[in-house]
Amino acid sequence: MYRTIQLSLQARIQAILLAKYEIALTQFAVEQPPNIALGELALPVAFELAKRLRKAPRAIATELAAELNATLDQLPGVASIEVAGAGYLNIRLDRVAAVRAIAADRHADIGGPGFRLVEHTSINPNKAAHIGHLRNAILGDTFQRLLRPDDYKRGYQVGVQNYIDNTGVQVADVVVGLVHLEGKTLGSTRELLANLVETGQRVDFYCWDLYARVSHWYAGTGLDDTTAPAPTELARRKQIRLDTLHALEVGKNDTAVIADLISTAVLRRHIETMQRLSIEYDFLPRESEILSLHFWDAARTLMLDRGVLYLETDGKNKGCYVMRRAGNEAPGSEQEEVGPDEDAKVIVRSNGTVTYVGKDIAYHLWKFGLLPGKDFGYAKFHEYPSHTCWISTSAASNSAAPTFGRADAIYNVIDSRQNDPQNNVIAALRGMNFTDAADHYTHFSYEMVAMTPRCAVDLGYTLSDEDKLRPFIEVSGRKGYGVKADDLLDKLTAAAQAEVDSRHPELSEAERKAIAIQIAVGALRYFMLRFTRNTVIAFDFKDALSFEGETGPYIQYAIVRAANIFRKAGTTGEAALAAVADLDLAALNSDDGTSLWQTWLLASRLTVLIEQAISTAEPAYLARYAFQLAQQFNNFYHRHHILNETDPTRRTLLLATAAVAWREMVRALGYLGIEAPPVM
RNA sequence: GGGCGAGUAGCUCAAUUGGAUAGAGCACCGGCCUUCUAAGCCGGUGGUUGUGGGUUCGAUCCCCGCCUCGCCCA
């Protein structure tokens, strides 16, 4: 409702400006006054025009207000418009009409054509998921929910991908650990995996420790060395690492098979972990197929054709295929004669190997459907209750698979440390004149999750004196520093379970467990979403394990309270809202009615927030909105005791007010991937 | 050395992207459970928005200098 009025106001004022001053203003702000007494919407448009019209803002506002008030019938839902302050146009709404529209769930639609690809999670399959990966996956999953079609909005067609680097150095390192530190063969690796499953152990946790051990082994600093190893020994270990990595890239050998077994087993664990948080994927493209299906060869041809890639013949990059960086473009100019562009990005090294950026460019050309003649094979990997998760294969494709790639817009949820590489890919697209693709490429960048020094010490890590003074300690899979996602979730669930057990002994074990999980997920997802993207989260158990104040459970609790009222009143939220249609709503215009009206007004803003969260790629806005709405409801809850209300008209209005808050809180939490428990 | 980001209440974060009196949570102090669930509500303490200039009707936000921290690249 709120959004609808915003749009009609904008259109109306644009028309007036064009007719009266011949000014075409495409975008201007619609705000909320600081106080409801000033109205429901505020337009600072007169300030914008002051300079262009060489007139005082207040004079312009007065003229506009007169014009708007004279044609109020063209603005349905608006009661009056007045000038305030130095030149604000304050809008008052027709509360009765607005409440009826909100109760009937009339709201602006969100959505459009085109296929949008959201890529998130993308954990190297060589270790357990940790809190940093959780932030990534929760951001991506929430954003995907905002885009997708649902009961509330038309939405966009969306595909969710989780990229798997199963042939990279990280997987190679774990293979080195298995083969060279634990003496495993292909056969004994199979036994190990079977054994871990039988004994109920988590493969990814096993690899977590092994990965940290291998890192120490390379450096000669771990428990595997009682005395410092000789330089020749360290060189030998480094060579083993390179050889193993090479074996993975080439494929079709025992080392590669071991890597595949391990990385697939770890990947299955990641899928399980994320499913605990209601995070699902549609497709898992793997680097092994990008290599085996020779995506790069097609990309190289295209890049050479389009002139973004060229062979450097001189300077430090002699013999490499390089790409000009943005800002250094001088196609066909004298620049090449002046000398080599030392700042150019190396794509193919002089030894013929492709850099990571090269492979990434090929992959992104595929995403946009720009890689001629190349597509993955698709195989089923995992079944969710509502859909299949597919995985890439170099074998023949399953004909039942949907198509991925050929996206109109992509969103890559990748932390801000990858800003440079991401910009390189965009620059490549732009250089190839794929302007549309480059324009619709969003690096959904976010800051990392680190740990407070205290948190690191609590986990048993020994910090240097220097590290203890830092604001935070970076999570490091390589060092084995970090809070594992499953451990955190287990901890949260246990804490929630203790509360539920003591509050609801009448419920069955299974019911209490289910509620505890909903609360734990609510706490965790909200915690990861409440910070805006470019804030480093310094993780601390005290904050993350809290169920009070600005948390997910606070909002869930508000929903439970509302639901209790409907239950005890012998009605439902839906019925309470339907009763508004033929109710006397005159009370809304009284002073007392204003506080009720504020709840309706806030509830009607969900559409505005969703749209804002999408356009800024900032789910935190929606998280904060959900909390605000819960605060507003709790305030209302304490001020009005609905079931004791004797006046039937007023009681119906109060019930409906609780119901509108309830409806929008449930919706907002749904987009955040948080369920509303039946009781708490 | 270059690039990106950040610096706001004791702590952790917001601020509708340049708008009206800079707001929340935590912590602390005081009040509220015989009521629809206290995982809650009400009140209070707490600010020279790192710093110096500039731009304009208006700056936490934009521009320049400096300081501090983080990340990436070399």
If we take the C1' atom in both rG18(B) and rC62(B), what is their distance in whole Å?
-> 8 Å
Arg470(A) side chain N/O closer than 4.0 Å to the phosphate oxygens (OP1, OP2) of rG70(B)?
-> yes
Report which part of the nucleic acid Val30(A) touches: base, sugar-phosphate, or nothing (heavy-atom distance under 4.0 Å, all strands).
-> nothing
How would you label the contact of Phe566(A) with the nucleic acid (heavy atoms, under 4.0 Å): base, sugar-phosphate, or nothing?
-> nothing
Report the residue (Met680(A) or Phe47(A)) whose heavy-atom-nearest nucleotide on RNA chain B is the more 5′ of the two.
-> Phe47(A)
With a 4.0 Å cut-off on heavy atoms, is Gln556(A) in touch with a base, just the backbone sugar-phosphate, or nothing at all?
-> nothing
Using the ring of each side chain (for Trp, its six-membered ring), is His640(A) parallel, tilted or perpendicular to Phe636(A), with breaks at 30° and 60°?
-> tilted
Pick the C1' atom in rC72(B) and in rG10(B), then give their distance to the nearest Å.
-> 33 Å
When you match Val536(A) and Ser546(A) each to their closest nucleotide on RNA chain B, which lands nearer the 5' end?
-> Val536(A)
Below 4.0 Å: OP1/OP2 of rA14(B) and any side-chain N or O of Thr535(A) | yes
Indicate, with a heavy-atom threshold strictly under 4.0 Å, whether Phe472(A) touches base, sugar-phosphate, or nothing.
-> sugar-phosphate
Considering only atom C1', compute the distance from rC28(B) to rC67(B) and round it to an integer number of Å.
-> 32 Å
Tell me what Asn90(A) touches on the nucleic acid: a base, only sugar-phosphate, or nothing, going by heavy atoms under 4.0 Å.
-> base
Check every atom of rU17(B), rA20(B), rC36(B) against the side chain of His641(A) and return the nucleotide holding the closest atom.
-> rC36(B)
C1' atom, rU21(B) versus rA15(B): distance in rounded Å?
-> 14 Å
Watson-Crick or G-U pairs under 3.5 Å in RNA chain B, rendered as dot-bracket with [ ] for crossing pairs and | for another strand | (((((((..((((.....[...)))).(((((.......))))).....(((((..]....)))))))))))).
Under-3.5 Å N/O pairs linking protein and nucleotides 41-45 of chain B:
residue: rC41(B); atom: OP1; partner: Tyr554(A); partner atom: OH; Å: 2.4
residue: rC41(B); atom: O4'; partner: His638(A); partner atom: NE2; Å: 3.1
residue: rC42(B); atom: OP1; partner: Asn635(A); partner atom: ND2; Å: 2.9

Using a cut-off of 4.0 Å on non-hydrogen atoms, how would the nucleic acid contact of Pro57(A) be classed: base, sugar-phosphate, or nothing?
-> nothing
Between Pro453(A) and Arg470(A), what is the shortest heavy-atom contact and its length?
-> CG-O, 3.2 Å
Tell me whether the OP1 or OP2 atom of rU37(B) has a side-chain N or O from Arg503(A) closer than 4.0 Å.
-> no
Is Asn534(A) touching bases, backbone alone, or none of the nucleic acid, heavy atoms closer than 4.0 Å?
-> sugar-phosphate
Which pairs of donor and acceptor atoms, one on a side chain in residues 539-547 of chain A, lie under 3.5 Å apart (sequence neighbours left out)?
residue: Asp540(A); atom: OD1; partner: Arg454(A); partner atom: NH2; Å: 3.0
residue: Asp540(A); atom: OD1; partner: Lys542(A); partner atom: N; Å: 3.1
residue: Asp540(A); atom: OD2; partner: Thr452(A); partner atom: OG1; Å: 3.3
residue: Asp540(A); atom: OD2; partner: Arg454(A); partner atom: NH2; Å: 3.2
residue: Ser546(A); atom: OG; partner: Glu548(A); partner atom: N; Å: 3.2
residue: Ser546(A); atom: OG; partner: Glu548(A); partner atom: O; Å: 3.2

Among rU16(B), rC71(B), rA20(B), the one nearest Glu474(A) by side-chain distance | rC71(B)
Could you tell me whether the phosphate oxygens of rA27(B), OP1 or OP2, come under 4.0 Å of any side-chain nitrogen or oxygen in Lys542(A)?
-> no
With sequence neighbours excluded, what pairs up with Asp465(A) under the salt bridge (charged side-chain N to carboxylate O under 4.0 Å, His left out) test?
-> Lys468(A)
Regarding Arg533(A) and the six-membered ring of Tyr446(A), is the cationic atom NZ or CZ under 6.0 Å from the ring centre and inside 45° of its axis?
-> no
Salt bridge between Arg3(A) and Glu611(A), side-chain N to carboxylate O under 4.0 Å?
-> yes
If you measure from the P atom in rC36(B) to the same atom in rG30(B), how many Å do you get, rounded?
-> 29 Å
Glycosidic class, syn or anti, of rC67(B) using a 90° window around 0 | anti
Would you please indicate if the ring centroids of Phe444(A) and Tyr411(A) are separated by under 6.0 Å?
-> no
Regarding the side chain of Val679(A), the nearest nucleotide among rU37(B), rA39(B), rG70(B) is rU37(B)
When rounded to the nearest Å, what value does the distance between C1' atoms of rC42(B) and rU51(B) take?
-> 40 Å
For Thr616(A), report the nucleic acid contact type (base, sugar-phosphate, nothing); a contact means any heavy atom under 4.0 Å.
-> base
Pair Glu447(A) + Arg417(A), salt bridge at N-O below 4.0 Å = no
Kindly state each residue pair satisfying salt bridge (Lys or Arg N to Asp or Glu O under 4.0 Å) with at least one member in residues 651-668 of chain A, sequence neighbours excluded.
-> Asp105(A)-Arg663(A), Asp105(A)-Arg667(A), Glu664(A)-Arg667(A)
If you look at every strand shown and take non-hydrogen atoms under 4.0 Å, does Ala56(A) touch a base, only sugar-phosphate, or nothing?
-> nothing
Have a look at Val608(A) and say if it touches a base, only the backbone sugar-phosphate, or nothing, with a 4.0 Å heavy-atom cut-off.
-> nothing
is_close_aromatic(Trp662(A), Phe633(A)), centroid dist under 6.0 Å = no
All pairs passing salt bridge (Lys or Arg N to Asp or Glu O under 4.0 Å) where residues 559-571 of chain A contributes a residue, at least two apart | none
P atoms of rC73(B) and rG65(B), separation to the nearest Å = 25 Å
Within 45° of the ring axis of Tyr481(A) and under 6.0 Å from its six-membered ring centre, is that where the NZ or CZ of Lys479(A) lies?
-> yes
Decide, for rU8(B), between syn and anti: a glycosidic angle within 90° of 0 counts as syn, anything else as anti.
-> anti
Does Asn564(A) put a side-chain nitrogen or oxygen below 4.0 Å from OP1 or OP2 of rU37(B)?
-> yes
Could you tell me whether His640(A) contacts a base, only the sugar-phosphate backbone, or nothing, with contacts defined as non-hydrogen atoms closer than 4.0 Å?
-> base
N/O donor-acceptor pair, side chain Tyr557(A) with base rU37(B), under 3.5 angstrom = yes
Mark yes or no for a side-chain to base donor-acceptor pair under 3.5 Å between Tyr621(A) and rU17(B), with no hydrogen or angle criteria applied.
-> yes
Measure from the side-chain heavy atoms of Phe531(A) and tell me the nearest of rC13(B), rC71(B), rU37(B).
-> rC13(B)
What nucleotide among rC69(B), rC36(B), rU16(B) has an atom nearest to a side-chain atom of Lys568(A)?
-> rC36(B)
Charged N to carboxylate O under 4.0 angstrom, Glu312(A) versus Lys318(A)?
-> no
C1' gap between rG43(B) and rC13(B), integer Å | 23 Å
Which part of the nucleic acid does Leu609(A) contact within heavy-atom distance under 4.0 Å: base, sugar-phosphate only, or nothing?
-> nothing
